[in-house]
Number of protein chains: 2
Amino acid sequence: MATMHRIQVTGLQLFYSKGYYNTSVDDILKELNLSKGAFYYHFESKEDFFVQIIQNLMARKVYSTLIEPLEGHENPLNLITACFDNAMETAVHNDMDYGCILHNFIAEFNGKNDVIMQHLNEIVTVWEVNLITALQKGKFNGFLDRHVDCEAVTTFLMSSYFGVRTLMVGSSPSAKKYRFMAQLRQYFKSLEPKAVTT
Amino acid sequence: MATMHRIQVTGLQLFYSKGYYNTSVDDILKELNLSKGAFYYHFESKEDFFVQIIQNLMARKVYSTLIEPLEGHENPLNLITACFDNAMETAVHNDMDYGCILHNFIAEFNGKNDVIMQHLNEIVTVWEVNLITALQKGKFNGFLDRHVDCEAVTTFLMSSYFGVRTLMVGSSPSAKKYRFMAQLRQYFKSLEPKAVTT
DNA sequence: GGTCTAACCGACCATATGGTCTATTCAAAG
DNA sequence: CTTTGAATAGACCATATGGTCGGTTAGACC
């Protein structure tokens with residue numbers, strides 16, 4: 001694995017677990033037994049470094065766990081349910097889980113660093129668009145009631161997912177996941193088509 | 001206003017807007033035209049300082065905006081709806097909004113500082129307990145269906161609230177609020193008692 | 001072998017940070 | 001008037017941090 005890539009990987013790991021501002025470049029280099037020279041040969045600054053991590057690693061991760069699973073012609077409500085279930089199950093079995101990566105950094109940079117926020121928001125938007133599209137397709141295919149507001153559902157879904165992932169870090173993540181999923185299904189049921197009065 | 005209290009107030013302001021690790025003690029003192037001496041006369045350390053802020057200011061704020069509004073014998077679903085609506089409306093009209101204070105710090109300290117996390121979790125638990133209690137009372141009074149799992153609903157509510165508040169910081173908070181509230185009502189409708197087959 | 005250069009080393013720098021400590025102010029108590 | 005002690009000032013310290021820069025290594029190419 002190329003050095004540049006290795007630095008990014010451990011960089012993301014540390015930023016994720018300790019926070020961006022609370023992680024020094026030296027921390028990352030110590031972990032890799034590398035020197036300052038190696039780092040600043042590959043990256044212009046700590047910020048530039050993080051932006052690259054966002055584009056290279058985070059974007060891909062979000063895509064593979066939250067967006068790709070939405071593809072398919074089945075009921076999008078089922079796809080989303082399975083997608084969330086999977087993502088949360090992975091978190092439950094990961095004792096190094098600190099919540100949704102994307103969301104954590106958004107919380108850390110909101111109103112603090114516009115450059116980074118822009119890049120993070122790009123990923124959020126991609127997710128949002130894909131969710132909306134999947135729901136609209138589902139509506140078209142008769143899986144959702146005609147009156148469902150797909151944008152609103154998406155906002156609600158993104159919010160709740162971001163939130164649980166944070167709550168799950170605290171205690172009994174497995175219980176939290178179970179409860180969350182149960183209510184998600186309850187909510188989804190209310191989006192199904194109402195009995196048609198032909 | 002006593003100096004100690006003033007330091008806490010501006011301290012919370014800065015911690016909230018810039019993050020704990022990204023705000024130095026000097027930043028706070030500069031804002032107040034105070035010296036290090038004044039600070040370390042009143043507080044043992046930066047961490048002790050923040051713990052006191054949590055107990056003195058944050059706990060009260062969370063209580064007044066998220067817990068107190070739950071009191072009353074009406075339908076808890078309505079109380080919660082009004083409570084969230086109010087909290088979000090305040091955020092919409094605050095251009096210095098950076099999301100839910102409580103949640104932001106939880107995100108920042110999760111897995112990073114156990115001492116602080118303990119104090120933050122205490123507040124979360126109080127909120128959780130009060131939500132559960134309100135819902136259970138509502139169930140007893142026939143506002144909720146018998147089969148509703150109050151703990152699960154609470155988890156779902158806390159999650160989604162934390163999440164939106166973060167999303168609202170990004171763009172068009174008013175639209176996000178509107179969409180969120182609409183879906184919350186939709187979800188709440190599904191918790192109402194089913195037609196009783198006497 | 002000689003040259004070139006990407007990749008990396010590590011000493012160094014200016015600044016910032018949490019925290020300490022002595023000195024000073026000032027009002028109330030005696 | 002003196003004493004006392006809470007409250008504040010600000011110089012000082014050890015350490016950490018982001019970043020710079022001249023030097024070294026090792027392989028590719030001639």
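Residue numbering restarts at 1 for every chain, and letters A, B, ... go by the order of the sequence lines. As the structure is a computational prediction, the values presented were derived from the model and not from experiment.
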Return the polar atom pairs (N/O with N/O) between nucleotides 17-24 of chain D and the protein under 3.5 Å, or none.
unit_1	atom_1	unit_2	atom_2	d
dG18(D)	OP1	Lys46(A)	NZ	2.8
dG18(D)	OP2	Val25(A)	N	2.9
dG18(D)	N7	Lys36(A)	NZ	3.4
dG19(D)	OP2	Tyr40(A)	OH	3.0
dG19(D)	OP2	Lys46(A)	N	2.9
dG19(D)	N7	Lys36(A)	NZ	3.3
dG19(D)	O6	Lys36(A)	NZ	2.9

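Side chain to side chain, Asn130(A) and Thr133(A) fail the donor-acceptor criterion of an N or O pair below 3.5 Å. The closest side-chain donor-acceptor pair between Gln186(B) and Ser190(A) falls under 3.5 angstrom.
Residues His103(B) and His103(A) are in side-chain contact: their nearest non-hydrogen atoms beyond the backbone lie under 4.5 Å apart. Contact of the Phe49(A) side chain with the Val25(A) side chain is not registered, since no non-hydrogen atoms from C-beta on lie closer than 4.5 Å.
One finds no side-chain N or O of His42(B) lying less than 4.0 angstrom from the OP1 or OP2 phosphate oxygen of dA6(D). Within the 4.0 Å cut-off from OP1 or OP2 of dT8(D), at least one side-chain nitrogen or oxygen of Thr3(B) is found. Here Tyr41(B) reaches the OP1 or OP2 of dA7(D): one of its side-chain N or O atoms lies under 4.0 Å away. An OP1 or OP2 oxygen of dA9(D) is reached within less than 4.0 angstrom by a side-chain nitrogen or oxygen of Ser35(B).
Taking the ring centre of Tyr20(A) as origin, the terminal cationic atom of Lys46(A) falls inside the region bounded by 6.0 Å and 45° from the ring axis.
In this structure, CG of Leu29(A) is placed 9 Å from P of dC9(C), rounded to the nearest angstrom. Residue Asn33(A) contributes atom CG, which lies 14 Å from atom C1' of dG10(C) at whole-angstrom precision.
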Quiz: residues 65-78 of chain B side-chain donor-acceptor pairs under 3.5 angstrom, not counting sequence neighbours:
unit_1	atom_1	unit_2	atom_2	d
Thr65(B)	OG1	Lys61(B)	O	3.0
Glu71(B)	OE2	Tyr63(B)	OH	3.3
Asn75(B)	OD1	Leu77(B)	N	2.9

